[in-house]
Q: 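I have a structure here, written as structure tokens, and I will follow up with some questions on it.
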Amino acid sequence: MSKLLKNLFFAFVLLIPFLSSAQEANRDRDSLLRLIRADEASLENIGGIDYRKVKGHAEFLHNGATLVCDSALWNVNDNIVEAEGNVIVVQKDTRLTAPEISYIVNENTARCHGGIVSLYDKDGNMLRTNNLDYDTKDSVAVFYNGGSLKGKDGNLIESLNGRYDAKTEIFSFTNNVQMFTDSAFISSVEMDYMVGSRTVRFGHNTRIWQKSNMLSANSGLLLRDSSIFIFDRDGHIITTDQELWADHIKYYREKAEAELRNNVQVLDTVNSALAFSDGAFYRKYPMSVMLYRKPSLAAYSLEKGNSDTLFMSADSIHLYQRRYCDIDTVEVSAAELRRKLMDIDPFAEREQKKKSPAETGEIVQRESRSAKDTAGITFADAWHNVKMYRDDFQGRCDSLVYTSLDSIARLYGKPILWDNIKNQMTSDSMQVLIIDNAISKADMLDNAFIASMEDSVHFDQVKGTEMTAFFKGNDIYRFDVLGGVSVIFFFREKDSVITIMNQKECKMMSALIEDRQINRIKYVEGIKDDAYPVYNLKKRDMFLRGYEWRADERPQNRREVCARNIKKSGREAMSVYPFPKFPVSRNYFPALRDSIINFRHRTDSLLVEAKLRKAMDKSEKLQPVDTSASVNIPAGIKALPPREGHIPHGGISDRVVLDSLHVSSGEPDNFSGQALRKKKEEGY
């Protein structure tokens, strides 16, 4: 057996030269132009040049490509065939038709420059142009001065220059590329259409219009079968109310959802907010943005012509909307009760506060609910390590929740607020009421404590079971303290030296603030009043029980909370970007081109929308942000749950503030001892 194998091996080795010679012979034969058939053929000499003239169903073969025409004049010396009349070039699955073709044999090129040239691939896609060169050796067609591709399923691509590689089945387009596919309009500097995988690869300066959405990137893919856009460089999406940026975006066209990675920014013009992260999942309707990997928010407002921005960060942030008709009635009732209690003025109505809400009979009646009530309700959740920064206001807590059902932001897990650096407010939990994008009222619930730094040693202090602060224009103008009130104030002499500590106790206290200074204070029931010289006080006697100065926890600047650079909105610039009008296709596929333009006119355009928005913005003071319901989080990504014990059980699930970020917590009391000396304590 081994001997037989050895003999076969030697026989194969001996055959190799003959096989190679045969292959070379075939190649040489294919490289020669051969006239296969013709009805008539003659040899002519014109101007000293020999020509072979053929007529009637002439057929040539070269490089495996067949050239068919009605007549041809073959320049034997230069090896050029001038073919005329119903010219067809067929090579495997590629077919080329033209009124006339110059076939340059030595260059393996069919040059078409007379009339409309049509190239068909095996899938039925048709490329038309007036200027095309086809290389029969490499099976590559190159067109210039305008060409248009009509897809078998109605898509259209045109450009000034391009090529088709039959071996890879790729159409490439460059210079003023315009495309219509699957209801999307696309313009770009360069684009490849990979027929086999039905994938479009686009490059620099790509713009995409789809209904009211507009997308752009400098590199990416369109997977036509799955209706997915993938942007891998400078991705940007504009929807009706949002703008999204990221280094990498995977956009699901049919669902209007997107996965975003690295340098993510989401601008929501409805609620005047910006969201940042290195990972996000977005859904347009109902609106939802899940932020992970270093998420943060910037909520901006405009007061008296001056912009004001509050920054917030957390371990995870979820912004979303739900339709009112989809929210459980228990959740709606809880929000209404929470708002009812927040609206009570505890000082003016302290006797009424002793009654339970059920006894008052004054709970606001809910509006009737129906399937037709589709108004969007805003929710937001920020879980763990929440930090906030505004120039005059900072804060921290474990978790922060909000819903526009009651317009109340709730802070849990050792919440703490700083105002103008020197004032510190703490309690077990806090609630902030937001009206017209401004703080209206703030409740500090259980173990409420305010400390105000007079100097590095002396701190004015107010302590009570609960505190309520009232705001106008984000500045505090009044605060009330309820239940077991204890107060320490320090007084300065004319030389600004602190000499006296005043300590008071009562059941209730209310203070009025003017120009960020306490103007008047009213004490109620069981008032105890003591004054002590400071010089002989022990340090522990200068602090109320529970005092803790936590200045080292205060965010020092906005970049400690949000280090992101803010991208400028591109809505206006993008809205006036030239929309595809397919001028080249007007010559080659006029009916298809007109139907596409008519489709454009029947659908919403970003151009019209931008004009309407611009007109509306002139009459609005603020620009706002949206949010949305449950979200399909990509595999491997989890939103962090609230820590046990930080949010009371038995109520509705708590949500995070976005709207509350549009305004900061205003200016709590300065508690200046010097100001107190100038004002008498009096009722009002």
Side-chain angles (χ1 to χ4, degrees), residues 115-121 123-130 143 145-162 171 173-191 193 195 198-200 202 205-217 222-229 236-241 251-256 284-285 571-615:
I116 294 178
V117 184
S118 299
L119 183 149
Y120 303 82
D121 69 359
D123 295 302
N125 299 298
M126 182 196 309
L127 174 69
R128 281 183 174 173
T129 180
N130 283 103
F143 71 87
N145 294 333
S148 180
L149 175 70
K150 175 185 175 182
K152 65 175 182 179
D153 49 4
N155 57 306
L156 184 68
I157 311 176
E158 70 169 48
S159 65
L160 295 180
N161 303 311
F171 287 93
F173 302 86
T174 57
N175 296 337
N176 197 24
V177 184
Q178 299 185 9
M179 179 179 187
F180 174 79
T181 179
D182 309 317
S183 77
F185 295 82
I186 306 174
S187 70
S188 183
V189 172
E190 55 188 355
M191 184 184 297
Y193 178 38
V195 177
R198 288 171 53 82
T199 299
V200 178
F202 45 83
N205 207 24
T206 298
R207 301 289 184 269
I208 303 164
W209 293 260
Q210 187 189 23
K211 297 182 180 178
S212 61
N213 301 326
M214 189 170 182
L215 305 83
S216 68
L222 165 59
L223 311 180
R224 293 190 61 205
D225 286 339
S226 53
S227 294
I228 295 175
F229 280 104
H236 184 200
I237 299 175
I238 298 178
T239 70
T240 307
D241 299 322
Y251 180 68
Y252 301 83
R253 294 194 314 122
E254 299 297 331
K255 300 177 182 179
K284 182 178 179 181
Y285 183 82
R571 185 179 295 273
E572 185 174 352
M574 295 276 279
S575 66
V576 297
Y577 197 89
F579 192 86
K581 295 183 178 179
F582 305 98
V584 175
S585 300
R586 188 196 303 269
N587 298 324
Y588 302 118
F589 303 105
L592 176 59
R593 183 261 180 193
D594 290 346
S595 68
I596 290 173
I597 295 300
N598 290 335
F599 173 82
R600 150 71 173 163
H601 292 321
R602 290 194 305 269
T603 57
D604 294 335
S605 73
L606 200 63
L607 297 173
V608 174
E609 184 181 345
K611 292 178 181 178
L612 292 174
R613 177 176 293 278
K614 192 172 183 180

Q: Taking the side chain as C-beta and beyond, is there a heavy-atom pair between Pro578 and Arg207 under 4.5 Å?
A: no
Q: Please name the pair of heavy atoms, one in Gly115 and one in Asn130, separated by the smallest distance, quoted to 0.1 Å.
A: O-ND2, 3.0 Å
Q: Side chains of Asn205 and Tyr577: does their closest heavy-atom pair fall under 4.5 Å?
A: yes
Q: Which residues pass the ring pair (Phe, Tyr, Trp, His ring centres under 6.0 Å) test with Phe202, sequence neighbours left out?
A: Phe231
Q: How many angstroms lie between atom CG of Leu222 and atom OG of Ser227, to the nearest 0.5 angstrom?
A: 7.5 Å
Q: Quick one: pull up CZ in Arg253 and CD in Gln210 and give me the separation to the nearest 0.5 Å.
A: 4.5 Å
Q: Got a donor-acceptor contact below 3.5 angstrom from the Thr129 side chain to the Val117 backbone?
A: no
Q: Which atoms form the tightest heavy-atom contact between Lys150 and Leu156, and what is the distance?
A: CA-CD1, 4.3 Å
Q: Indicate whether the side chain of Asn213 and that of Tyr251 have a donor and an acceptor atom separated by less than 3.5 Å.
A: yes
Q: Would you give the length of the straight line joining atom CG of Asp241 to atom CZ of Arg571, rounded to the nearest 0.5 angstrom?
A: 7.5 Å
Q: Among residues at least two apart in sequence or on other chains, which ones pass ring pair (Phe, Tyr, Trp, His ring centres under 6.0 Å) with Tyr588?
A: none
Q: Is Asn155 reaching over with its side chain to a backbone N or O of Phe180, donor-acceptor style, under 3.5 angstrom?
A: no
Q: Which heavy-atom pair separates Gly147 from Val584 by the least distance, and what is that distance?
A: N-CG1, 3.6 Å
Q: Which value, rounded to the nearest 0.5 Å, describes the distance between Thr181 atom OG1 and Ile157 atom CD1?
A: 7.5 Å
Q: Not counting sequence neighbours, list each pair that qualifies as a salt bridge (charged side-chain N to carboxylate O under 4.0 Å, His left out) and has a residue in residues 576-595.
A: none
Q: Tell me whether Asp123 contacts the main-chain N or O of Asn125 through its side chain, where contact means a donor paired with an acceptor under 3.5 Å.
A: no
Q: What closest approach, in Å, do Asn587 and Ile116 show between heavy atoms, and which atom pair accounts for it?
A: O-CD1, 4.3 Å
Q: Once you round to the nearest 0.5 Å, how far does CZ of Phe185 lie from CD1 of Ile596?
A: 6.5 Å
Q: Check step by step if salt bridge (Lys or Arg N to Asp or Glu O under 4.0 Å) holds for Asp153 and Arg198.
A: CA-CA 11 Å; Asp153 49 4; Arg198 288 171 53 82; 3.1 Å; yes
Q: Taking the side chain as every heavy atom from C-beta outward, state whether Phe579 and Met214 have any atom pair closer than 4.5 Å.
A: no
Q: To the nearest 0.5 angstrom, please state how far the CG atom of Leu119 sits from the CZ atom of Arg128.
A: 12.0 Å
Q: Using only atom types and a distance under 3.5 Å, with no angle test, would you say the side chain of Gln178 pairs donor to acceptor with the backbone of Glu158?
A: no
